[in-house]
Amino acid sequence: MTDTVRTRIAPSPTGDPHVGTAYVALFNYAFARRHGGQFVLRIEDTDRRRSNAASERMIFEALRWLGLEWDEGPDVGGPYGPYRQSERSEIYREHVEKLVASGAAYPCFCTTERLKALRAEQREKKLPIGYDGHCRSIPPEEARRRRDAGEPHVIRLAMPREGESVVNDLLRGEIRFANSQIDDQILLKSDGFPTYHLANVVDDHLMEITHVIRAEEWISSLPKHVRLYEAFGWAPPVFCHLPLLRNPDTSKISKRKNPVSLNYYRRAGYLPEALLNYLALMGWTMPDEREEFSLGELVKNIDLGDIRLGGPVFDLTKLTWLNGRYLRRMSPEEILERLRRDLYSDEYFLRILPLVRERIDTLEQFAEYSQFFFTGTLEYGEAARKKLLVKGRTAPQSAKILRVLLEEALDPVMEWDAAHLEPAVRTACEKAGLTPKELFMPLRVAVTGRPATPPLFDTMEVLGKETCRRRLRHAVELLRSMK
RNA sequence: GACCCCAUCGUCUAGCCAGGUCGAGGACACCGGCCUUUCACGCCGGCAACACGGGUUCAAAUCCCGUUGGGGUCGCCA
């Protein structure tokens, strides 16, 4: 073990880059820098079904935009690679076999159906929900035979059934769990990929991570992780669980109730340094109580022990105020530079121009015609409101149709271009029992505010996911209030 | 529901660990005023909190217990 501090951020590339990732990354980054250590980026893409390259790329871009540079990672390399878990399968398999050999883990042949039925029964009888250890009693020789015969199985951790697990959190101190209510966690899935629990423990150890700074939602699986360190004979790192960012209603932050994509903040014109500054205020205070400070100043002053445990509500209003303060301190030249970099680049104009060229006769008309490419949320006039309605449906019904369209068809689109959007929306039409013609107009009006625009999917592509989703949300709210 | 975490103004928080200096400080939002051709910025002022109940103590926002409330977890997701 080295004695330098090593921290990591370990996002899963399964969606848009999340503000919570930035929050956790910020503290990991600051703590590592404060102690002259390393900050590692590790991609946890062991969910083969949901992980995708577009999402991974967006994570890199978003963290770089924020200025949270990592010392080691999939794209920059480093002495502890590979840094993408999908490229480390062999390592996990070797390690899990050690556990099976020592009896700390065992193969489980239970089917998904059996587990489902088990859960249903436990729910019914109001018993604690969890694996019942069914396959734990299979003699090792028999298990070996069945595995060799190619019978589908997973590997589970054999948790002690009695006694207590006492784990430690830097901020909370000792936390105790009765072992009887911790079930045998799956370590290796039937597809041969590890679960988070196995992969993160193995990687944190091999990558010599000294401080695991992550979100509070992991506390309940801490005993399983600690048990793994013990089973491997490894010294565990220091664990520090950060409070969870909250929606205004204090539930865990979610895109239904608060913008969570870092792409949103970038597109909406927040400055990375202001966002970082605001995030640092969530649970932490400068020794002199100053509210405005740079990343460098955070690094100089960070002390994990100073973090408050109450889950902070992410308050857009205060973030926006802070952002304004930053903006006002900048020179016009600096602002122009940001405008060009993050919002209105030449490249952006060049994407709009092909769409509006045919539709304008003088240069002046460009501003008028393409105005909706440059604003945030839209005001819907009387005429637009009417066209927001799906033909033959009431306002609340239309609201629901657009909401479902957004959440089920559009949100999952990671490569936001016409080629991916069109099939997604057409499929949504079928599911909703609507013709394209019936759905396209409300969608068009929702995202542009107008009934006449360049081709819908090209327009949506240029507007970008964040602007489209923001306007759709707004339109849904408006329709709801229309009754 | 079970388990775990948490609890100061509507929100972010200082104070709590080392109990008296707290008739609880700052910031956002809100309200009022000043500045100003307007708006905004900026400045000044105001409103507003120790969840509740016990205990310990000469003394509790600070320590202990309970209640209540909020949150998280309970996936071959992370």
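All values derive from a computational prediction rather than experimental measurement.
Taking the C1' atom of each, B:A60 and B:G54 are spaced 13 Å apart, rounded to whole Å. Taking atom P in both B:C22 and B:C31, the straight-line distance is 32 Å, to the nearest Å. Taking the C1' atoms as reference points, B:A27 lies 35 Å from B:C65, given to the whole Å. Nucleotides B:U56 and B:U11 place their P atoms 33 Å apart, quoted to the nearest Å. Rounded to whole Å, the separation between the C1' atoms of B:G10 and B:A51 comes to 15 Å. For the C1' atoms, the distance linking B:C9 with B:C50 amounts to 10 Å, nearest Å. Only the C1' atoms considered, B:G19 is 12 Å distant from B:C58, to the nearest whole Å. Distance noted for atom P between B:A24 and B:G46: 13 Å (whole Å).
Residue A:Ser251 places its side chain closer to B:G72 than to any other of B:C77, B:U11, B:G72. The side chain of A:Ile129 lies closest to B:C74, out of B:U73, B:C28, B:C74. Of all nucleotides listed (B:A27, B:G42, B:A78), B:A27 comes nearest to the side chain of A:Glu291. Nearest nucleotide to the A:Thr195 side chain, out of B:A78, B:C5, B:G75: B:A78. Comparing B:C6, B:C12, B:G42 by their nearest atom to the side chain of A:Leu309 picks out B:C6. For A:Ile175, counting side-chain heavy atoms from C-beta on, the closest listed nucleotide (B:C5, B:G71, B:G75) is B:C5. When the nucleotides B:C5, B:U11, B:C76 are ranked by their closest atom to the side chain of A:Ile186, B:C76 comes out on top. The side chain of A:Lys189 sits closest to B:A78 out of B:A78, B:G72, B:A29. Checked against B:G72, B:C5, B:A14, the side chain of A:Glu289 finds its nearest nucleotide in B:A14. The nucleotide whose nearest atom lies closest to any side-chain atom of A:Arg246 is, among B:C3, B:G71, B:C12, B:G71.
With a 3.5 Å ceiling on both atom-pair distances, the Watson-Crick or G-U wobble partner of B:C43 is B:G33. A 3.5 Å limit on both hydrogen-bonding distances identifies no Watson-Crick or G-U partner for B:C16. Under the Watson-Crick and G-U wobble criteria, each requiring two contacts below 3.5 Å, nucleotide B:C3 is paired to B:G72. Figure legend. B:A27 is base-paired to B:U11; pairs are counted as Watson-Crick or G-U wobble with both atom distances under 3.5 Å. Across all strands shown, B:A49 remains unpaired; no Watson-Crick or G-U wobble contact has both distances below 3.5 Å. With both pairing distances under 3.5 Å, B:U57 is matched to nothing as a Watson-Crick or G-U wobble pair.
Ring-plane geometry between A:Tyr29 and A:Phe39 is classed as perpendicular, the angle between the planes exceeding 60 degrees on a 0 to 90 degree scale with a lower cut at 30. Aromatic ring orientation, A:Trp218 versus A:Tyr196: parallel (interplanar angle below 30°, classes split at 30° and 60°).
The side chain of A:Thr285 contributes an N or O atom lying less than 4.0 Å from OP1 or OP2 of B:A14. Look at A:Lys125 and you won't find any side-chain N or O under 4.0 angstrom from OP1 or OP2 of B:G1. Between A:Arg325 and B:G42 there is a side-chain polar atom (N or O) within less than 4.0 angstrom of OP1 or OP2. Taking 4.0 angstrom as the limit, A:Lys318 places none of its side-chain polar atoms (N or O) nearer than this to OP1 or OP2 of B:U13.
At a threshold of 4.0 Å, the pair A:Asp411-A:Arg256 does not count as salt-bridged, since none of the basic side-chain nitrogens sits closer than that to a carboxylate oxygen. We find that A:Glu291 and A:Lys318 are joined by a salt bridge, their nearest charged nitrogen and carboxylate oxygen being less than 4.0 Å apart.
Backbone-only engagement by A:Thr46 is indicated by non-hydrogen atom pairs under 4.0 Å involving sugar-phosphate atoms exclusively. At the heavy-atom level, A:Gly311 lies under 4.0 Å from the strands shown only through sugar-phosphate atoms. Among the protein residues, A:Arg290 comes within range of no part of the nucleic acid, since none of its heavy atoms lies under 4.0 Å from any strand. Across all strands, A:Ser190 comes closer than 4.0 Å to base atoms (heavy-atom distances). Across all strands, A:Arg123 comes closer than 4.0 Å to no nucleic acid atom at all (heavy-atom distances). Within 4.0 Å (heavy atoms only), A:Arg308 reaches at least one base atom of the nucleic acid. Using a 4.0 Å heavy-atom cutoff across all strands shown, A:Arg172 reaches sugar-phosphate atoms only and no base atom. Within the nucleic acid shown, A:Gly324 has no heavy atom closer than 4.0 Å to any nucleic acid atom.
In this entry the distance linking CZ of A:Phe314 with P of B:U11 reads 17 Å, nearest Å. Atom P of nucleotide B:C30 and atom CG of A:Asp315 are separated by 11 Å, given to the nearest angstrom. Between A:Asp249 atom CG and B:G72 atom P the separation is 9 Å, expressed in whole Å.
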(request) Starting from the C-alpha separation in whole Å, work towards a yes-or-no answer on salt bridge (Lys or Arg N to Asp or Glu O under 4.0 Å) for A:Asp183 and A:Lys224. (result) CA-CA 9 Å; A:Asp183 72 346; A:Lys224 297 169 183 178; 3.5 Å; yes
(message) Please determine whether side-chain hydrogen bond (donor to acceptor under 3.5 Å, both in side chains) holds for the pair A:Arg147 and A:His153, giving the CA-CA distance in whole Å, both sets of side-chain angles, and the decisive distance to 0.1 Å.
(response) CA-CA 7 Å; A:Arg147 290 182 76 186; A:His153 64 279; 3.1 Å; yes
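With rounding to the nearest 0.5 Å, the separation of CZ in A:Arg470 from OG1 in A:Thr377 is 5.0 Å.
Looking at which nucleotide of RNA chain B each of A:Phe177 and A:Cys110 is closest to, the 5′-most match is held by A:Phe177. Looking at which nucleotide of RNA chain B each of A:Val154 and A:Pro312 is closest to, the 5′-most match is held by A:Pro312.
Cation-pi geometry between A:Arg338 and A:Tyr326 is not met at under 6.0 angstrom from the ring centre and within 45 degrees of the axis.
Here the rule is side-chain contact (heavy atoms from CB on, under 4.5 Å) with A:Phe239, and of A:Ile175, A:Val226, A:Val167, A:Leu171 only A:Val226 fits it.
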